[in-house]
Asks: 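First, the structure itself, so that you have it in front of you.
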Amino acid sequence: MSDKTHTTAVVLIPPESIQTPIQNIRKIHDRNYIRWMPHITLLYPFTPRNKFQEVIPTLAKVAQQIIPFSVTFASFNAFRHRKSCTLFLVPEPKNVIVELHRKLSQQLPVYDDTARFSGGFNPHLSVGQFQHRDINDAQQRLQNEWEPIQYEVDSMSLIYRSTETNDMFVVAENFYFSKGVNN
C-alpha cells in the first residue's frame, strides 16, 4: 500500500454555495484553478485509484471519529518559496483540521507527506501564486476586499484526476463525519 501518486488526494472541499468569492480570486491568480477545486489538502500524494478499495474502509473509519465542525476563512497568509509565493486562506480554527490530519496519518502513515514540512502540517486553501516582490501588496489588497466566510465541514473527499476527467480532479467518494451522540 506504499505506492503514491500526485493524481489522488484526500481533501476538505468547501460547499459550492460559498465557493464564488474564492473562485473569483483563484480564476485570476491560481495556475491550478482548472485542475483543482477549492480545497484544504489532508493527504497528498495518495494511493493510486486502483488501490482505493484498500483505503476506503480506513477513511470511513476515521470520518466516523470526527464530529462536523465550523471553519471560517477570515484572513490570508503566504508560504514563501525560493522562487515564488503561494497565497492562501487560513481556516480557523486550525486545531480541528490538524487533529483530523493526525488521525488520518496514524491510520495511513505512509501518506504523511503533508506533515513533513519544517513547520509540520499547516492547513490552508491556496488562492494563487505570486512573485516575492508582489506578495505583500496582493495579500493586503485581497485582505481589504475580503468578507469572511464560515461554513460547516461535514465530510472529507477522496479525489482523483486522469485522462478521463481531462486531467481535472473529481470526487471519487465523500466520507461524512459522525453526527455525534448529542447532535
Asks: Taking Phe175 as the starting point, is it possible to reach Val170 by hopping between hydrophobic residues whose side chains are less than 4.5 Å apart?
Replies: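 Yes, same cluster.
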Asks: Hey, does Thr8 have a side-chain heavy atom less than 4.5 Å from the side chain of Tyr160?
Replies: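 They are in side-chain contact.
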Asks: In the single-linkage hydrophobic clustering (I, L, V, M, F, W, Y; side-chain heavy atoms under 4.5 Å), do Val153 and Tyr44 co-cluster?
Replies: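 No, it is not one cluster - the side chains of Val153 and Tyr44 are not joined through contacts under 4.5 Å.
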Asks: Taking the side chain as everything from C-beta on, heavy atoms only, tell me whether Gln19 gets closer than 4.5 Å to Ile13.
Replies: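 When only atoms from C-beta onward are counted, Ile13 and Gln19 do touch, with a gap below 4.5 Å.
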Asks: Step by step, work out the side-chain contact (heavy atoms from CB on, under 4.5 Å) result for Phe46 and Leu158.
Replies: CA-CA 9 Å; Phe46 199 54; Leu158 176 58; 3.6 Å; yes
Asks: When you group the ILVMFWY residues by side-chain heavy-atom contacts below 4.5 Å and let the links chain together, are Ile56 and Val110 in the same group?
Replies: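 Same cluster: Val110 reaches Ile56 through Ile, Leu, Val, Met, Phe, Trp or Tyr contacts under 4.5 Å.
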Asks: Would you check if the side chain of Thr165 reaches a backbone N or O of Arg161 as a donor-acceptor pair within less than 3.5 Å?
Replies: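 Looks like no, no N/O pair under 3.5 Å.
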Asks: So, are Arg116 and Asp112 salt-bridged, with charged N and O less than 4.0 Å apart?
Replies: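 Between Asp112 and Arg116 there is a salt bridge, with a charged N closer than 4.0 Å to a carboxylate O.
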Asks: Is there a donor in the side chain of Asn95 and an acceptor in the side chain of Glu99, or the other way round, less than 3.5 Å apart?
Replies: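 Side chains of Asn95 and Glu99: no pair found under 3.5 Å.
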Asks: So, do Thr86 and His124 sit near enough that their side-chain heavy atoms are less than 4.5 Å apart?
Replies: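 Heavy-atom side-chain distance check fails, nothing below 4.5 Å.
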Asks: What do you reckon, is CD of Glu147 surrounded by more than 12 foreign heavy atoms closer than 6.0 Å?
Replies: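 12 or below, so no.
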Asks: Locate the shortest heavy-atom distance separating Tyr111 from Leu43; write the atom from each residue and the value.
Replies: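 Looking at all heavy atoms of both residues, the closest pair is O-CD2, 3.4 Å.
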Asks: Quick check for you: to the nearest 0.5 Å, what is the distance between Asp113 atom CG and His6 atom NE2?
Replies: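 Output value for this atom pair is 7.0 Å.
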Asks: In residues 63-80, what donor-acceptor pairs under 3.5 Å come from side-chain atoms, sequence neighbours left out?
Replies:
{"unit_1": "Gln64", "atom_1": "NE2", "unit_2": "Tyr176", "atom_2": "O", "d": "3.1"}
{"unit_1": "Arg80", "atom_1": "NH2", "unit_2": "Asn136", "atom_2": "OD1", "d": "3.0"}

Asks: Should Leu142 and Phe88 be counted in the same cluster of Ile, Leu, Val, Met, Phe, Trp and Tyr side chains packed under 4.5 Å apart?
Replies: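 No, Leu142 does not connect to Phe88 through the hydrophobic network.
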Asks: Got a sec: does the CD of Glu16 have more than 12 other heavy atoms crowding it under 6.0 Å?
Replies: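 Check fails, neighbour count at 12 or below.
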Asks: So, for Val127 and His29, which heavy atoms are closest and what is the spacing to 0.1 Å?
Replies: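 Heavy atoms only, the tightest pair is O-CB, 3.7 Å.
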Asks: Please check if the side chain of Arg26 supplies one atom and the backbone of Trp36 the other of a donor-acceptor pair under 3.5 Å.
Replies: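 Yes, the answer is positive, given that a donor and an acceptor are paired below the 3.5 Å cut-off.
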Asks: Side chains of Phe121 and Leu42, heavy atoms from C-beta outward: is any pair under 4.5 Å?
Replies: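 Counting from C-beta outward, Phe121 and Leu42 do come under 4.5 Å.
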Asks: For Ile97 and Pro123, work out which heavy atoms get closest and say how close.
Replies: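 For Ile97 and Pro123, the tightest heavy-atom pair comes out as CG2-CB, 3.6 Å.
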Asks: Taking it one step at a time, do Leu104 and Leu59 satisfy side-chain contact (heavy atoms from CB on, under 4.5 Å)?
Replies: CA-CA 7 Å; Leu104 287 166; Leu59 295 172; 3.7 Å; yes
Asks: Could you measure the distance from the SG atom of Cys85 to the CD atom of Gln131? Nearest 0.5 Å is fine.
Replies: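 Reported value, rounded in 0.5 Å steps: 8.0 Å.
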Asks: With a 4.5 Å limit on heavy-atom distance, are the side chains of Phe169 and Val11 in contact?
Replies: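 Answer no - side chains too far apart.
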Asks: Would you mind reporting whether Leu108 and Thr47 have side-chain heavy atoms less than 4.5 Å apart?
Replies: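 No, their side chains stay 4.5 Å or more apart.
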Asks: Does any part of the side chain of Asn122, heavy atoms only, come nearer than 4.5 Å to the side chain of Phe117, both counted from C-beta?
Replies: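 Not touching, per the 4.5 Å side-chain cut-off.
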Asks: Val10 and Met156: which non-hydrogen atoms are nearest, and at how many Å?
Replies: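 Nearest heavy atoms, Val10 then Met156: CG1-SD, 4.0 Å.
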Asks: Which atom names give the shortest non-hydrogen contact between Lys51 and Asp3, and what distance separates them?
Replies: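 Closest approach of Lys51 to Asp3: NZ-OD2, 2.7 Å.
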Asks: Say whether Val90 and Leu87 are linked into one hydrophobic cluster, either directly or through other cluster members, by side-chain heavy-atom distances under 4.5 angstrom.
Replies: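 Shared cluster, no.
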Asks: Which value, rounded to the nearest 0.5 Å, describes the distance between Ser126 atom OG and Leu89 atom CG?
Replies: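 It comes to 9.0 Å.
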Asks: Taking all non-hydrogen atoms of both residues into account, name the closest pair between Ile18 and Ile22 and its distance.
Replies: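 Scanning both residues completely, I find the closest heavy atoms to be O-CD1, 4.1 Å.
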Asks: Under the 3.5 angstrom rule, does the side chain of Ser157 hit a backbone N or O of Ile159 as a donor-acceptor pair?
Replies: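 No, Ser157 side chain to Ile159 backbone: no donor-acceptor pair under 3.5 Å.
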Asks: To the closest 0.5 Å, what do you measure between NZ (Lys61) and NZ (Lys103)?
Replies: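 Spacing of NZ (Lys61) from NZ (Lys103) equals 11.0 Å.
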Asks: Quick one, Thr20 and Asn24 - any side-chain contact, counting heavy atoms below 4.5 Å?
Replies: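 In contact.
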Asks: Can you measure from CD1 (Ile149) to OG (Ser17) and round to the nearest 0.5 angstrom?
Replies: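 Answer rounded to 0.5 Å: 9.5 Å.
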